[in-house]
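For reference, the structure discussed in these notes is given below.
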Amino acid sequence: MRILQLHCDNITYEPTKKEIQSAEEIDPKSVSIDEVVVCFVAVEKDDNEDIAKDAISQIQESMKKIGCQKLLLYPYAHLSSNLASPSTALSLLKLMESQSEGLDVSRAPFGWTKSYNVKVKGHPLAESSKVITSDSKKEKTSTALESESKIKSYWYIMTTDGEMQELDKFNFTSHKKLESLAKYESVKKRSVDEPPPHVALMKKLAIADYEQASDQGNMRFFPNGRLIKSQLEQYVTNMVKQYGGYEVETPIMYDSHHPSMESYFNRFPARQYSIDSEGKHLFLRFAACFGQFLMAHDFQLSYKNLPYRLYELTRYSFRREQSGELVGLRRLRAFTMPDCHAFCKDMPQAVEEFRTRFDLSRNVLSGIGIEQDDYEMAIRFTEDFYNENKELIIETVKKIGKPVLVEMWKERFFYFVLKWEFNYIDNSGKASALSTDQIDVENGDRYGIEFIDEQNKPQNPIILHNSPSGAIERVMYTLLEKASTDSREGRKPQLPLWLAPTQVRLIPLKEEFLDLGKKISDLLSKNNIRADIDDRNESIGKRIRDAEKEWIRYILVIGEKESISKLTIRDRNTSNEREMNSDELVNEILSQINDKPFSSLNLPLLVSKRPIIQV
RNA sequence: GCUCCGAUAGCUCAGCCUGGUAGAGCGUUACAUUGGUAAUGUAAAGGUCGUGGGUUCAGAUCCCACUCGGAGCUCCA
């Protein structure tokens with residue numbers, strides 16, 4: 001439907017003769033209206049009642065803005081070369097007329113040649129055109145997203161002895177964060193009046209920032225941020241490979257008309273980015289599921305191969321979250337997610353695998369520096385699954401050692417029967433999911449993934465979907481929020497040593513000690529330690545202050561008293577100075593990093609050579 | 001997506017209500033200073049006041065739209 005909308009001082013029209021046979025029967029007399037919005041309307045092929053209703057509501061909205069009550073609907077075929085049949089057009093126009101509540105509406109006769117005079121007002125909003133199609137009407141949402149709100153959930157708290165208590169009966173006194181999560185999830189009650197502290201930190205530490213030239217929720221990462229992110233990515237990948245995941249890489253965009261996509265689309269409640277290219281309607285992946293399922297579909301699998309695990313670190317997964325939801329690194333539209341699927345031959349094997357991955361997820365978080373006290377667990381399952389697997393669920397809750405939030409569904413609505421996640425509760429009381437795992441009983445069949453069982457019969461595997469850490473950006477958000485809590489409670493904020501962009505800062509007292517500084521930094525980098533040198537012509541006090549502001553753990557002032565075998569070390573943890581030789585320093589640092597990955601310094605060695613990335 | 005709030009120097013912000021010469025601190029640059037564990041001194045440069053339009057003799061300031069950011073709502077398998 002195409003509409004030309006004009007805010008007029010006056011319109012005068014007069015039907016002169018019938019243009020088509022099906023023209024309305026009217027008395028052809030001249031009509032004049034003052035202070036009116038005239039909408040010239042062309043109804044096009046494929047227009048329907050929804051489009052007509054949408055059109056009239058858009059018209060109502062803009063009329064409210066310009067403060068006009070009178071509307072004239074004026075059939076006007078010349079706006080389009082793809083017209084609907086006259087009967088459809090007339091009925092939709094009549095529908096629009098009847099839907100114009102609160103407006104003083106009239107309609108020019110359909111099917112007549114008319115002469116007319118208009119005097120259009122001169123303000124900026126007086127003229128506008130609208131094209132209304134089913135696409136522009138409403139964003140496409142998957143049916144899963146639409147029906148999600150209709151699901152009936154029952155909420156409980158499960159204590160470590162396996163008892164399920166109703167939310168309002170549970171005593172949250174010593175479980176404040178769990179209470180936040182429970183309220184957050186079940187009642188949806190929140191109140192915050194300031195941005196989360198990690199947003200300022202990610203800018204101040206030159207980690208990441210918004211990129212206005214991209215879409216909202218697509219961040220850019222500066223050298224510091226990229227280093228931290230890369231370290232985390234390597235760490236999680238190493239851990240998954242140790243557990244038995246095989247790393248793959250799959251496309252980031254898919255044809256939405258591919259048969260396996262169409263049905264999955266409607267089962268995964270996420271909004272997509274779409275791209276039209278050469279007649280194809282492509283969408284950007286919102287997880288690694290499809291890629292891995294399509295791959296597994298083409299594998300020839302025997303029950304002897306299972307469990308089999310595919311892993312991908314998606315850079316990126318895309319979810320077009322509502323704009324109002326996007327905040328810093330907590331919630332993005334493009335994010336990096338480790339995604340590991342385990343294909344299992346039956347439920348007992350899936351349950352065994354589930355246990356392993358639960359432990360994996362806890363170890364991964366703990367290695368990053370996010371401990372059990374930092375998160376609250378939620379577990380969700382169908383009633384049937386609970387009745388058949390009580391022991392597993394209670395055992396899982398016991399491992400966490402504190403009460404967890406339970407959501408139970410009477411019937412299975414999603415493709416999984418069980419799902420858990422760890423939620424970090426931030427300084428604003430907001431919950432964000434980190435690690436998660438699900439037991440999927442549907443997609444093996446949907447994607448035609450088959451293995452041959454002991455009886456030589458094809459079967460569909462049960463699939464577990466695990467992200468052992470959750471989105472990498474969200475892990476960074478968690479670390480920054482934790483640091484901010486530390487700072488608020490009087491402790492020095494810091495990142496884990498293995499993630500620090502600079503681990504050791506050398507400060508030569510004056511220029512003549514720069515060479516010694518370079519020798520020490522060489523020695524440290526040979527030992528996989530990130531050291532740099534503040535060679536700027538600033539006072540010692542100033543340079544120490546700047547290093548402290550960058551959260552650098554070890555600061556070494558280098559002057560007459562120092563040599564390779566005698567270093568004076570200022571430790572940020574204590575603010576005290578200690579003396580040791582270079583070997584002792586290397587050992588102290590490496591012993592804290594032990595099995596973590598290493599990336600070399602991602603900055604110029606000399607601070608004087610660095611641009612300021614203060615945003 | 002909706003409602004409300006915001007956008008001024010590289011950064012953090014003042015000025016806006018009540019229209020008339022664009023301000024501070026930090027940072028940057030230059031010079032001096034060569035230092036011992038959280039801010040050395042002096043000087044200079046640096047701004048289409050987010051974008052577009054309107055009102056006005058005159059708009060950073062008042063009005064409208066848009067973009068981006070924030071809070072709330074909705075949402076977050």
Side-chain angles (χ1 to χ4, degrees), chain A residues 61-62 65-66 122-125 128 138-139 141-142 144-149 151 184-185 188-196 199-200 203-204 206 209-217 264 266-271 286-287 289 319-328 330-333 380 407 413-416 419 421 423 428 430-433 436 438 440 465 467 471 474 492 505 507-514 534-550 552 555-562 568-572 575-578 611-615:
Chain A
E61 197 175 314
S62 60
K65 266 182 204 148
I66 54 184
H123 66 84
L125 296 177
S128 75
K138 207 178 166 185
E139 65 178 311
T141 50
S142 61
L145 201 59
E146 279 166 9
S147 20
E148 197 202 337
S149 51
I151 310 164
Y184 194 83
E185 287 290 333
K188 319 269 185 195
K189 178 79 193 150
R190 273 146 274 177
S191 71
V192 178
D193 50 3
E194 55 187 19
V199 176
K203 296 182 184 190
K204 210 176 279 178
D209 194 15
Y210 303 106
E211 173 53 73
Q212 303 211 342
S214 180
D215 188 29
Q216 292 161 286
Y264 193 60
N266 293 332
R267 296 294 276 157
F268 199 108
R271 297 173 172 82
F286 30 93
C289 303
R319 298 186 190 177
R320 217 171 39 78
E321 305 290 4
Q322 297 183 88
S323 60
E325 276 308 299
L326 305 166
V327 193
R330 183 206 287 148
R331 201 162 169 80
L332 300 169
R333 282 183 168 178
R380 302 151 203 263
E407 180 177 13
F413 173 78
F414 300 108
Y415 53 76
F416 47 82
K419 171 195 176 173
E421 85 264 336
N423 290 279
S428 326
K430 294 236 182 194
S432 314
T436 177
Q438 318 169 346
D440 171 356
H465 302 228
S467 184
R474 196 169 269 185
K492 281 191 178 179
R505 166 70 44 89
I507 302 181
L509 204 55
K510 42 187 158 177
E511 228 175 288
E512 57 184 286
F513 301 111
L514 183 57
D534 190 348
D535 59 328
R536 293 173 306 160
N537 181 14
E538 299 287 353
S539 68
I540 299 297
K542 177 66 176 297
R543 285 182 283 171
I544 287 176
R545 179 178 152 83
D546 286 348
E548 289 274 356
K549 277 165 45 182
E550 289 178 55
I552 295 169
I555 301 172
L556 278 61
V557 174
I558 298 167
E560 291 90 349
K561 291 186 270 178
E562 282 74 25
T568 316
I569 289 155
R570 179 190 164 102
D571 186 337
R572 181 171 154 85
S575 299
N576 291 332
E577 288 138 59
R578 285 183 282 153
I612 306 248
I613 312 177
Q614 190 185 5
V615 288

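Letters A, B, ... are given to chains in the order of the sequence lines, protein chains preceding strands, and every chain is numbered from 1.
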Nearest-angstrom distance, [atom1] atom, [N] to [M]:
| N | M | atom1 | result |
| --- | --- | --- | --- |
| B/G6 | B/U61 | P | 14 Å |
| B/A24 | B/U3 | P | 40 Å |
| B/G15 | B/G54 | C1' | 24 Å |
| B/C64 | B/U18 | C1' | 22 Å |
| B/C26 | B/G53 | C1' | 36 Å |
| B/C68 | B/A30 | C1' | 37 Å |
| B/C57 | B/G72 | C1' | 44 Å |
| B/C16 | B/U33 | P | 45 Å |

Which part of the nucleic acid, if any, lies within reach of A/Glu548 when heavy atoms closer than 4.0 Å are counted: base, sugar-phosphate only, or nothing?
->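 Counting heavy atoms under 4.0 Å across all strands, the contact made by A/Glu548 includes a base.
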Counting any heavy atom closer than 4.0 Å, what does A/Leu326 reach on the DNA or RNA strands: base, sugar-phosphate only, or nothing?
->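 The answer is sugar-phosphate, as A/Leu326 gets under 4.0 Å only of primed atoms, P, OP1 or OP2.
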Scan every strand shown for a Watson-Crick or G-U wobble partner of [N], both distances under 3.5 Å, and answer none if you come up empty.
| N | answer |
| --- | --- |
| B/G72 | B/C2 |
| B/C13 | B/G23 |
| B/C62 | B/G54 |
| B/G46 | none |
| B/U67 | B/A7 |
| B/A39 | none |

Partner set under side chain to side chain donor-acceptor pair (under 3.5 Å) for A/Arg333, not counting sequence neighbours =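 Partners of A/Arg333 under the side chain to side chain donor-acceptor pair (under 3.5 Å) test: A/Asp215.
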When the nearest nucleotide of RNA chain B is assigned to A/Ala433 and to A/Val327 on a heavy-atom basis, which residue is associated with the more 5' position?
->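 With A/Ala433 and A/Val327 compared, the 5'-side residue is A/Val327.
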Residue mapping more 5' on RNA chain B - nearest nucleotide basis, A/Arg331 or A/Glu211 =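 Its nearest nucleotide lies further toward 5', so the answer is A/Glu211.
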[Y] side chain reached by [X] side chain, heavy atoms, under 4.5 Å:
| X | Y | answer |
| --- | --- | --- |
| A/Arg578 | A/Asp571 | yes |
| A/Glu407 | A/Lys419 | no |
| A/Glu560 | A/Phe513 | yes |
| A/Ile507 | A/Ile540 | yes |

According to a strict under-4.0 Å criterion, is [X] in side-chain N/O contact with OP1 or OP2 of [N]?
| X | N | answer |
| --- | --- | --- |
| A/Lys549 | B/C26 | no |
| A/Gln216 | B/G69 | yes |
| A/Lys204 | B/C26 | no |

By salt bridge (Lys or Arg N to Asp or Glu O under 4.0 Å) - contacts of A/Arg572 (at least two apart) |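 Salt bridge (Lys or Arg N to Asp or Glu O under 4.0 Å) list for A/Arg572, sorted by chain: A/Glu548.
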Nucleotide [N], atom [atom2] - distance to [atom1] of [X] in whole Å:
| X | N | atom1 | atom2 | answer |
| --- | --- | --- | --- | --- |
| A/Asp571 | B/A38 | CG | C1' | 15 Å |
| A/Ile612 | B/A9 | CD1 | C1' | 15 Å |
| A/Arg330 | B/G69 | CZ | C1' | 15 Å |
| A/Ile507 | B/A39 | CD1 | C1' | 13 Å |
| A/Gln322 | B/A71 | CD | C1' | 15 Å |
| A/Glu321 | B/G69 | CD | P | 15 Å |
| A/Asp546 | B/A38 | CG | P | 12 Å |

Point-to-point distance, once rounded to the nearest 0.5 Å, from OG of A/Ser575 to CZ of A/Arg570 |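 One gets 5.0 Å once the value is rounded to the nearest 0.5 Å.
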For the pair A/Glu512 and A/Lys510, find out whether any cationic side-chain nitrogen is under 4.0 Å from an anionic carboxylate oxygen.
->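 Yes, A/Glu512 and A/Lys510 are salt-bridged.
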In plain terms, say whether A/Arg505 and A/Asp546 are close enough for a salt bridge, that is, a side-chain N and a carboxylate O under 4.0 Å apart.
->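 No, this pair does not count.
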Nearest to the side chain of A/Ser323 - B/G1, B/A71, B/A38?
->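 Shortest atom-to-atom distance from the side chain points to B/G1.
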Protein N or O to nucleotides 34-37 of chain B N or O, pairs below 3.5 Å:
from  : atom 1 : to       : atom 2 : distance (Å)
B/G35 : OP2    : A/Lys510 : NZ     : 3.0
B/G35 : N7     : A/Leu509 : O      : 2.1
B/G35 : N1     : A/Asn537 : OD1    : 3.4
B/G36 : O6     : A/Glu560 : N      : 2.8
B/G36 : O6     : A/Glu560 : OE1    : 2.9
B/G36 : O6     : A/Lys561 : N      : 3.3
B/G36 : N1     : A/Glu562 : OE1    : 2.9
B/G36 : N1     : A/Glu562 : OE2    : 3.4
B/G36 : N2     : A/Glu562 : OE1    : 3.3
B/G36 : N2     : A/Glu562 : OE2    : 2.5
B/U37 : O3'    : A/Arg570 : NH1    : 3.3
B/U37 : O2'    : A/Arg570 : NH1    : 2.7
B/U37 : O2'    : A/Glu577 : OE2    : 3.1

